[in-house]
Amino acid sequence: MKALCSLLTLVACASVALGFALRAPPASLAPQPTPPAAITYDIDTGHSSLLFRAKHLNVSYVYGRFNEFSGQFTFDAAKPESSKVEVEIKIDSIDSGIEKRDAHLRSPDFFDAKQFSTATFKSKGVKKTKDGHFDVTGDFTLRGVTKPVTIDVESVGSVKDERAGEIAGFHGTFTLKRSEFGVSYGPTALGEDILVIVSVEGARSDEGGGKK
């Protein structure tokens, strides 16, 4: 009798185990977490800055900015190499803090804003260099001249804000030689190398650009 009970118990346990095995998918077939998808953001110029720095008489640095620019960037945290960015800058929005100087900067001596009203950057590749840092390569066009540049970019952060929606920010720098873009005025007064500083905040595009 005891042997029969033991046998029945063994059969019952085996049936339960078999049923569980049939119901549970193999680990390789079990549902896996979905990686975050690429997100496209519209640049919020109210919380972004586009600055430049030039050396004056080899003794000091003078800073300026462009007040009007627009664009989008797409960031894919799982596949950074799939990320991209495009920016358009309105040249006549240049602002160095002195209107007389700004008028000169808009002239053919410098940016020639009437003939070349915009400058653009279009990325061609993104490479992760370390956590939160990327090299963004692309074409920069100024005064009708296009040259490749590499921007050292830092991911500043991202957040879901009650008012602004889903937002993300990046900060980058790159250096260009002004003579390569046809800006050769004042070679003894102004430095050849121009540092460009870009700090952008973007609101998720499919949320209508965020709430201001």
Side-chain angles (χ1 to χ4, degrees), residues 35-55 61 63-91 93-95 111 116-161 164-183 191-207 209-210:
I39 300 174
T40 297
Y41 300 86
D42 295 322
I43 292 176
D44 173 7
T45 54
H47 297 96
S48 302
S49 299
L50 179 53
L51 313 172
F52 61 89
R53 186 190 76 180
K55 184 174 284 189
Y61 289 112
Y63 287 80
R65 60 183 291 136
F66 290 94
N67 293 324
E68 296 181 36
F69 54 95
S70 60
Q72 285 187 329
F73 59 88
T74 299
F75 182 62
D76 190 333
K79 297 176 61 180
E81 65 276 10
S82 299
S83 303
K84 58 185 179 180
V85 58
E86 290 192 11
V87 178
E88 181 176 278
I89 307 160
K90 290 188 176 181
I91 295 300
S93 73
I94 194 167
D95 181 359
F111 292 103
F116 305 103
S117 60
T118 62
T120 61
F121 174 78
K122 296 183 179 181
S123 66
K124 299 181 73 174
V126 177
K127 179 182 178 182
K128 183 177 180 180
T129 55
K130 58 183 178 180
D131 285 348
H133 289 260
F134 309 87
D135 279 347
V136 179
T137 57
D139 289 334
F140 183 70
T141 301
L142 176 67
R143 283 180 55 107
V145 178
T146 300
K147 295 285 184 181
V149 299
T150 298
I151 307 176
D152 177 17
V153 174
E154 173 194 359
S155 173
V156 180
S158 62
V159 69
K160 289 186 178 181
D161 181 78
E166 190 167 349
I167 58 177
F170 293 84
H171 181 273
T173 60
F174 65 99
T175 300
L176 56 84
K177 295 186 178 298
R178 65 188 182 99
S179 64
E180 292 184 348
F181 295 89
V183 183
E192 165 73 347
D193 293 339
I194 306 299
L195 176 67
V196 181
I197 305 163
V198 185
S199 184
V200 296
E201 179 180 306
R204 185 165 178 159
S205 183
D206 58 12
E207 293 181 342

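Numbers here simply count residues along the sequence, with the first being 1.
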Side chain to side chain contact (heavy atoms under 4.5 Å, CB included) between I194 and T175: does it pass, once the steps are laid out? CA-CA 6 Å; I194 306 299; T175 300; 6.0 Å; no

So, for [X] and [Y], which heavy atoms are closest and what is the spacing to 0.1 Å?
X    : Y    : result
H171 : I197 : NE2-CG2, 3.6 Å
L50  : V198 : CD1-CG2, 3.6 Å
V145 : E180 : CG1-O, 3.4 Å
T150 : T137 : OG1-CG2, 3.3 Å
F181 : F140 : CE2-O, 3.6 Å
D44  : S48  : O-OG, 2.7 Å

Evaluate the side-chain proximity of [Y] to [X]: yes if any heavy-atom separation is below 4.5 Å, no if none is.
X    : Y    : value
S155 : F134 : yes
D95  : F66  : no
V149 : F121 : yes
S83  : T74  : no
I89  : T120 : no
I91  : L142 : yes
E166 : I39  : yes
E81  : V126 : no

Run the side-chain hydrogen bond (donor to acceptor under 3.5 Å, both in side chains) check on E192 and S179 step by step: do they pass? CA-CA 7 Å; E192 165 73 347; S179 64; 2.5 Å; yes

Distance (rounded to the nearest 0.5 Å) between [X] [atom1] and [Y] [atom2]:
X    : Y    : atom1 : atom2 : result
F73  : I43  : CZ    : CD1   : 6.5 Å
F111 : R143 : CZ    : CZ    : 9.0 Å
S158 : Y41  : OG    : OH    : 5.5 Å
I167 : R204 : CD1   : CZ    : 13.0 Å
E154 : T173 : CD    : OG1   : 10.0 Å

Judged by modelled atom types alone, do T141 and T146 share a side-chain donor-acceptor pair under 3.5 Å?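 Looking only at side-chain atoms, T146 and T141 do form a donor-acceptor pair, the distance falling under 3.5 Å.
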
For residues E86 and S123, is any side-chain donor paired with an opposing acceptor at under 3.5 Å? no

is_close_aromatic(Y63, F52), centroid dist under 6.0 Å: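 No.
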
Can you check salt bridge (charged side-chain N to carboxylate O under 4.0 Å, His left out) on K177 and D193, steps first, answer last? CA-CA 5 Å; K177 295 186 178 298; D193 293 339; 2.9 Å; yes

Pair V196-L51, side chain to side chain contact (heavy atoms under 4.5 Å, CB included): steps then yes or no: CA-CA 6 Å; V196 181; L51 313 172; over 6 Å; no

List the steps, then state whether side chain to side chain contact (heavy atoms under 4.5 Å, CB included) holds for S117 with K90. CA-CA 6 Å; S117 60; K90 290 188 176 181; over 6 Å; no

Check: [X] side chain, [Y] main-chain N or O, donor-acceptor pair, under 3.5 Å:
X    : Y    : result
T129 : H133 : yes
S205 : D42  : no
R65  : S93  : no

I'd like to know if K147 and D139 make a salt bridge, using a cut-off of under 4.0 Å between side-chain N and carboxylate O. no

